[in-house]
Amino acid sequence: MSLQQVLMTNGPEGDDGDSGVAVQTRTRTKRPPLYKVLLLNDDYTPMEFVVHILERFFGMTHAEAFEIMLTVHKKGLAVVGVFSHEIAETKVTQVMDFARRHQHPLQCTMEKE
Ligand code: TYC
């Protein structure tokens, strides 16, 4: 069969259906889930210790830390930050370890936003 005959029977792409043109398919990218880090109130942890934790591990100023500490004290809990799963887990561990080392019952948890 001549080239002319192939083009006439199968079209210019030949018989394999491949036009040679790359086709872009849309890839759905999902943003990773975020996690709230919560500080819980208790009757024993000193206020200044909580303020120190918020400054040390959450980068708050003294005034910000004092305000959030008071919110926890009055309302029972507050969100102290929102992070990726890994960072939230690290913050919770840092707070829990620091509180335990100082023998305070302070509780810190995380939950999916
Ligand atoms: N309620 C504590 C007190 O009166 C203070 C406190 C605030 C404790 C925030 C925990 O997450 C907390 N000493």
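Computed from a prediction, not measured in an experiment: that's the story for all the values here.
- Ring to ring, Phe98 and His52 are close: their centroids are under 6.0 angstrom apart.
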Test side-chain contact (heavy atoms from CB on, under 4.5 Å) on Glu67 and Met69; report intermediate values, then the result. CA-CA 5 Å; Glu67 191 177 315; Met69 179 281 296; over 6 Å; no
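- The shortest distance between side-chain heavy atoms of Val82 and Glu113 falls below 4.5 Å.
- The NE2 atom of His73 lies 9.0 Å from the CG atom of Asp43; values are rounded to the nearest 0.5 Å.
- Counting heavy atoms from C-beta outward, Ile68 and Met60 have side chains that approach closer than 4.5 Å.
- A continuous path of hydrophobic side-chain contacts links Leu54 to Phe66 [ILVMFWY only; heavy atoms under 4.5 Å].
- The distance from the CD1 atom of Ile53 to the CD atom of Gln94 is 10.0 Å, given to the nearest 0.5 Å.
- Checking side-chain atoms of Thr45 against main-chain N and O of Asn41 turns up no donor-acceptor pair under 3.5 Å.
- In plain terms, the two heavy atoms of Leu34 and Ser84 that are nearest each other are CD2-N, 4.0 Å.
- Under the 4.5 Å side-chain criterion, counting only non-hydrogen atoms from C-beta, Leu38 is not in contact with Val80.
- Across all their heavy atoms, Ala88 and Tyr35 have their closest contact at CB-CB, 3.9 Å.
- For Phe49, the CZ atom counts as densely surrounded, since its 6.0 Å shell holds more than 12 non-hydrogen atoms of other residues, nucleotides or ligands.
- When hydrophobic clusters are built by joining Ile, Leu, Val, Met, Phe, Trp and Tyr residues whose side-chain heavy atoms come closer than 4.5 Å, directly or via intermediates, Met110 is not grouped with Val79.
- In this structure the side chain of His85 never reaches within 4.5 angstrom of the side chain of Pro32, judged on heavy atoms.
- Leu106 is listed as a side-chain neighbour of Val50, based on a closest heavy-atom distance under 4.5 Å.
- His62 has its side chain within reach of Val51: a pair of non-hydrogen atoms, C-beta onward, lies under 4.5 Å apart.
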Could you go step by step and tell me if Cys108 and Leu40 meet the side-chain contact (heavy atoms from CB on, under 4.5 Å) rule? CA-CA 6 Å; Cys108 183; Leu40 309 189; over 6 Å; no
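- Hydrophobic clustering, with ILVMFWY side chains joined whenever heavy atoms are under 4.5 angstrom apart, groups Leu70 together with Val72.
- Annotation: side chain of Lys91 is in contact with side chain of Phe58 (closest heavy-atom distance under 4.5 Å).
- Proximity of Glu55 to Glu64: side-chain heavy atoms (C-beta onward) are nowhere separated by under 4.5 Å.
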